[in-house]
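The structure appears below as structure tokens.
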Amino acid sequence: MELGYACVNMSLKDASPNHRITLNSLKKLSSEGQRIRLKTIAKKNLANTLRILKFNKAHNINFYRFSSNIVPLATHPIMEGWDYILDLKKDLLEVGNYVKKNGMRTSTHPGQYTVLNSNREDIVSRAIDDLEYHSKLLIGMGLDRTHKMVLHIGGAYGNKEKAIEKFKSNFARLSEDIKGRLIIENDDTTYNTTEVLEIAEDLGIPMVFDIHHFNCNHQEDEDLKELIPRIFATWGDEKPKLHFSSPKSEKKYASHADNIEKDDFLEYIDLLKSLTDKDFDIMLECKNKDKALLKLREEIKVES
DNA sequence: ACGCGTCAAGTACTC
DNA sequence: GAGTACTTGACGCGT
């Protein structure tokens, strides 16, 4: 089992892969100036991504989620026509080659603004653009389709059944590369485990099971003993991926805590292992990122 | 150098 | 229709 973390590294100094520029600042530059500025920022983000991967290797962390902000404003209309992949080819390949050379597992996770099932076509269109961006980055890195893109289902719009149908029909519009990488996750407020699982089974794509989201959002009749084997089955021959985080507090339950609560974590690992022979990876989502991962790994080691 | 309001993006909810 | 929470690190302006 590999543990992973998302995007930011808390141990390295000045290593953010999330450097950005505001739209207003960008607009003050000439067309050429805009490209140069964004290219410079993206190169810095990719250089920091590589630094983070090297840190990961040194600490035997082989599972990592790329930042979605590596190329800021890549899909914004004012940058239309900019071939950022061409401009960043060398930097992208350097990251991708490092991942491949070291047998690392990576992913991306378009966020809350990427809504494929919206009932507004302009929003769907932008969601597809954003998925294309993530796909292009992974292809540009030379990474095959085992390197995934995690997505939530989206909004409910007062009619979940219809919204789920919308998700499925819009899935059909995606490129082959995106279809081959897309994996869907249960969320903390709207689409529960059973609903996402049924969509995954229907579309023939893997489901990422988020244990914390399950705790935030589940029906009384949802039984993990029944659901988990089905979730793992959606992965076929591939190694399943799960998300885990601890609640910030009783009051802000859905928010992520700084670290992972060890006993709680071990309890779920035991449950998972009792339900499957498969190996699996777990993405930890918490504020302390790599530090939380290393801390948890140390605590588990002491335990066993 | 530092503090703090602001930031591309959507949904759901309140008023 | 407007405003706000959600979530969240970095920008960038003002001092």
Side-chain angles (χ1 to χ4, degrees), chain A residues 5-29 34 37-38 40-49 52 65-80 82 84 108-134 137 149-160 162-164 166-167 170 185-192 195 210 212-213 216-217 243 245-249 251-258 284-292:
Chain A
Y5 68 98
C7 310
V8 175
N9 181 290
M10 302 296 281
S11 303
L12 295 168
K13 275 220 170 5
D14 299 318
S16 170
N18 283 319
H19 286 285
R20 271 172 273 189
I21 182 168
T22 59
L23 188 59
N24 275 335
S25 305
L26 194 72
K27 280 178 176 166
K28 288 171 191 161
L29 305 172
Q34 292 178 343
R37 185 82 186 91
L38 289 181
T40 306
I41 295 170
K43 283 171 88 78
K44 183 158 69 171
N45 287 337
L46 284 165
N48 282 338
T49 298
I52 291 170
R65 179 193 300 163
F66 290 121
S67 159
S68 287
N69 302 311
I70 287 176
V71 190
L73 300 169
T75 61
H76 195 278
I78 72 162
M79 295 313 294
E80 203 182 341
W82 177 35
Y84 49 89
T108 62
H109 189 357
Q112 60 179 324
Y113 301 116
T114 308
V115 186
L116 188 60
N117 79 335
S118 177
N119 43 21
R120 276 179 50 189
E121 175 54 29
D122 57 329
I123 290 166
V124 174
S125 169
R126 278 200 289 273
I128 293 174
D129 287 348
D130 190 53
L131 292 172
E132 280 291 345
Y133 155 75
H134 284 87
L137 277 191
M149 295 165 46
V150 182
L151 190 67
H152 291 288
I153 303 303
Y157 314 101
N159 185 344
K160 256 189 186 177
K162 208 174 138 199
I164 287 171
K166 184 86 176 167
F167 184 88
N170 285 341
E185 177 190 348
N186 57 307
D187 68 68
D188 58 345
T189 54
T190 310
Y191 290 98
N192 64 37
E195 289 162 336
D210 188 309
H212 179 55
H213 289 167
C216 294
N217 177 23
H243 289 176
S245 41
S246 297
K248 187 168 187 65
S249 63
K251 215 174 173 182
K252 297 193 84 176
Y253 190 85
S255 300
H256 294 158
D258 293 351
L284 304 175
E285 296 181 317
C286 45
K287 294 240 161 106
N288 287 345
K289 305 286 179 178
D290 55 300
K291 289 191 175 178

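Each chain gets a letter, A, B and so on, in the order its sequence line appears, and its residues count up from 1.
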Among C/dG9, B/dA9, C/dC13, find the nucleotide with the atom closest to the side chain of A/Lys28. C/dC13
Any A/Tyr157 side-chain nitrogen or oxygen under 4.0 Å from OP1 or OP2 of B/dT11: yes
To the nearest Å, give me how far apart NE2 (A/His109) and P (C/dG9) are. 15 Å
B/dC7 versus C/dT4 - spacing of their P atoms, nearest Å: 13 Å
How close do A/Cys216 and A/Ala254 get, counting heavy atoms only, and between which atoms? SG-CA, 3.7 Å
Cut-off 3.5 Å, side chains only: do A/Ser11 and A/Asp290 have a donor facing an acceptor? yes
Symbol by symbol from the 5' end, with Watson-Crick or G-U pairs under 3.5 Å, [ ] crossing and | another strand, DNA chain C is ||||||..|||||||
Expressed as a whole number of angstroms, how long is the span from A/Ile153:CD1 to B/dG10:C1'? 15 Å
If I take atom CG in residue A/Asp130 and atom P in nucleotide B/dG10, what distance separates them, rounded to the nearest angstrom? 11 Å
Could you give the distance separating B/dT6 and C/dA5 at their P atoms, to the nearest angstrom? 13 Å
Quote, to the nearest angstrom, the C1' distance that separates B/dT11 from C/dA10. 24 Å
Lys/Arg-Asp/Glu bridge criterion (N-O < 4.0 Å) met for A/Arg126, A/Asp122: yes
Rounding to the closest angstrom, what is the interatomic distance between C/dA2 and B/dA9 at atom P? 15 Å
Gap between atoms NZ and C1', on A/Lys251 and C/dC6 respectively (whole Å): 16 Å
Is it the case that the ring center of A/His152 lies less than 6.0 angstrom away from the ring center of A/His109? yes
Same-atom distance (C1') from C/dG9 to B/dA12, integer angstrom: 24 Å
Let me confirm one number: the NE2-CD1 distance from A/His19 to A/Ile41, rounded to the nearest 0.5 Å. 9.0 Å
A/Asn48 versus A/Asn9: any side-chain heavy-atom pair under 4.5 Å? no
Rounded to the Å, how far apart are A/Lys287 NZ and C/dA10 C1'? 15 Å
Any luck finding a side-chain donor-acceptor pair between A/Glu285 and A/His212 under 3.5 Å? no
NZ or CZ of A/Lys248 within 45° of A/Tyr253 ring axis and under 6.0 Å: no
Close residues, residues 10-26 of chain A, relative to DNA chain C [heavy-atom separation under 4.0 Å]: A/Ser16, A/Asn18, A/His19, A/Arg20, A/Ile21, A/Thr22, A/Ser25
Does a side-chain N or O from A/Lys27 land closer than 4.0 Å to OP1 or OP2 of B/dA8, or not? no
Separation of A/Lys44 atom NZ from C/dC11 atom P, in whole Å? 6 Å
Residues from residues 114-128 of chain A sitting under 4.0 Å of DNA chain B, heavy atoms only? A/Val115, A/Ser118, A/Ile123, A/Arg126
Whole-Å distance, A/Asn217 CG to B/dT11 P, equals 18 Å
Where the side chain of A/Asn45 meets the backbone of A/Ile70, is there a donor-acceptor pair that is under 3.5 Å apart? yes
Verify the distance criterion only: is there a donor paired with an acceptor across the side chains of A/Thr114 and A/Asp130 at less than 3.5 Å? yes
Looking at A/Ser255, does any N or O in its side chain come under 4.0 Å of the phosphate oxygens OP1/OP2 on C/dT7? yes
Kindly compute the distance separating CG (A/Asn18) from SG (A/Cys7), expressed to the nearest 0.5 Å. 6.0 Å
Would you compute the distance between atom CG of A/Asp14 and atom NZ of A/Lys44 and round it to the nearest 0.5 angstrom? 9.0 Å
Which whole-number value in Å describes the distance from A/Asn69 CG to C/dT8 P? 13 Å
